[in-house]
Number of protein chains: 2
Amino acid sequence: MIEPIGTIWVMPVAKGSTIDPERTRATILEAAAPVLYERGLDGIGVAELCARIGISKETLYRHFGTKDALVEAVLEVRSDRVMRWLASAVAAAGEDPADQLSAVFDALGQWYDEPVFRGCAMLNAAAQHHVEAVRAITARHLGRYLELLTGIASRAGAADPHLLGRQLLILVEGATVVAAHHSAVGAGDHARRAALTLLSAARTSLEC
Amino acid sequence: MIEPIGTIWVMPVAKGSTIDPERTRATILEAAAPVLYERGLDGIGVAELCARIGISKETLYRHFGTKDALVEAVLEVRSDRVMRWLASAVAAAGEDPADQLSAVFDALGQWYDEPVFRGCAMLNAAAQHHVEAVRAITARHLGRYLELLTGIASRAGAADPHLLGRQLLILVEGATVVAAHHSAVGAGDHARRAALTLLSAARTSLEC
DNA sequence: CAATGGTCAAACCGATCGGTTCGATCTCGG
DNA sequence: CCGAGATCGAACCGATCGGTTTGACCATTG
């Protein structure tokens, strides 16, 4: 299993100078991500955030310049990680598009059951922060989801792959929202069964 | 058409004393709702909020005591209004459960197209505010949605009405999220067609 | 005509926010 | 071993926040 929200051990940033600034930046990003996810982007101040991830404010501002810039970088990394995670789940499911679709919702279902699950970080961010850049990252994230799902729909021979892809995206996001804000139990399973029903219907309607 | 987010004309609160405090409270609620929805719960301060709705801070605090209390009251009213709106759309659709389901997603689709549409107010609130009361209101809101949808599924003679109800809830919330954060065009339509496919499948699986 | 009490605008309060600055410390390259 | 530079912790800054208080209206009640 590939976990999208793995706990990160804070590798203490070396005090000296030359130790790869890019690595320091990455370390900060990985440490800040779960804290911002848990507390909400505006739910934690820069001071407390720095204390939690074990760096000084000056270091944070040296590497990111702004809290917003840090947030955007965190979201970018998160989006990349989630997409890699889902893509590998699909790849591990073999050739059958139906199996690939099942794999997506099974993976989501496992995510929903994690104790730290608090919904989709990108959607939460877009709902909180009205900064345009954040909304753009979220929109792009959903676009990447759509690509992956439309690909499955297409390989499955759906009558209208773009329609089915959009419908599958609606299922994915809906399941995540319901799991986060109503009840996580079964959400992944229910969405998976719905997805397979839609896939089947989109195929048979082609055969007729 | 019943609009869930109708613009409210601010009836200036009477200066004198005895003019029905309950009515004043309701007036404030109706004026505050669209502003909080547009700007986000934490995206506008109490001072600016009061200026926008045309009352003084003291009046607001006299009637609600706390910004959080105002927010919770606004969300309660909003949830009631949305549910009445959907219930009346269902009632206007006649007896056929499939028609009722279509009516739900048609109504949602019209909502998505409104220029002020910014996603589900309850979901946005829960994503922003980590106050337990707000999350509870959101959860209850989704529960009411689920009741309505399960009712339709049940009347349609679905093999497993509770499963279908949950799947329809996922479609409703997913469509709203996609419309808000990716692209509003067609979201209601795609979700409606998916819902009808699921409904049909849940029925035929019973007949077999 | 008081008296009551809801209203307003504005000043005010302490807390917290994002962000900056400073002096001291440490690591590394030369 | 020395200078450059990254880091820390803490002090500091102006702005804004949620919430309170004040003093002057004004509309209704008795």
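Heavy atoms only: backbone and side chains are in, while hydrogens, waters and symmetry mates are out. Small disclaimer: the values here were computed from a predicted structure and weren't measured. Sequence lines set the chain letters: A, B, ... in the order given, protein chains first and strands last, and positions in each chain run from 1.
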Separation of L49(A) atom CG from dG9(D) atom C1', in whole Å? 16 Å
Tell me whether H130(B) at atom NE2 has more than 12 heavy atoms from other residues, nucleotides or ligands lying less than 6.0 Å away. yes
Do H190(A) side-chain atoms and G186(A) backbone N/O form a donor-acceptor pair below 3.5 Å? yes
Can you tell which of R39(A), K57(A), K67(A) makes a salt bridge (charged side-chain N to carboxylate O under 4.0 Å, His left out) with E48(A)? R39(A)
At less than 4.0 Å, is any side-chain N or O atom of H63(B) found next to OP1 or OP2 of dG6(C)? Yes or no. no
Separation of I55(B) atom CD1 from dG19(D) atom C1', in whole Å? 14 Å
Without decimals, in angstroms, what is the distance between I28(A) CD1 and dA6(D) P? 13 Å
Taking Watson-Crick and G-U wobble contacts under 3.5 angstrom, with | marking pairs to another strand and [ ] crossing pairs, the secondary structure of DNA chain C is written ||||||||||||||||||||||||||||||
When you check every protein heavy atom under 4.0 Å of nucleotides 13-22 of chain C, what one-letter string (B, S, -) results, 5' to 3'? -----SBB-B
Spacing between F64(B) atom CZ and dT20(D) atom P, to the nearest angstrom: 15 Å
Would you sort out whether S183(A) and R166(B) count as a side-chain contact (heavy atoms from CB on, under 4.5 Å), showing the intermediate values? CA-CA 10 Å; S183(A) 167; R166(B) 289 269 293 189; 3.7 Å; yes
Distance (rounded to the nearest 0.5 Å) between I152(B) CD1 and L164(B) CG: 9.5 Å
Side chains of T24(A) and T27(A): is there a donor and an acceptor less than 3.5 Å apart? no
Does V77(A) reach the side chain of V74(A), with side-chain heavy atoms less than 4.5 Å apart? no
Between R144(B) and D80(B), does any side-chain N to carboxylate O distance fall below 4.0 Å? yes
Report yes if at least one side-chain N or O of T59(B) is closer than 4.0 Å to OP1 or OP2 of dA9(C); otherwise report no. no
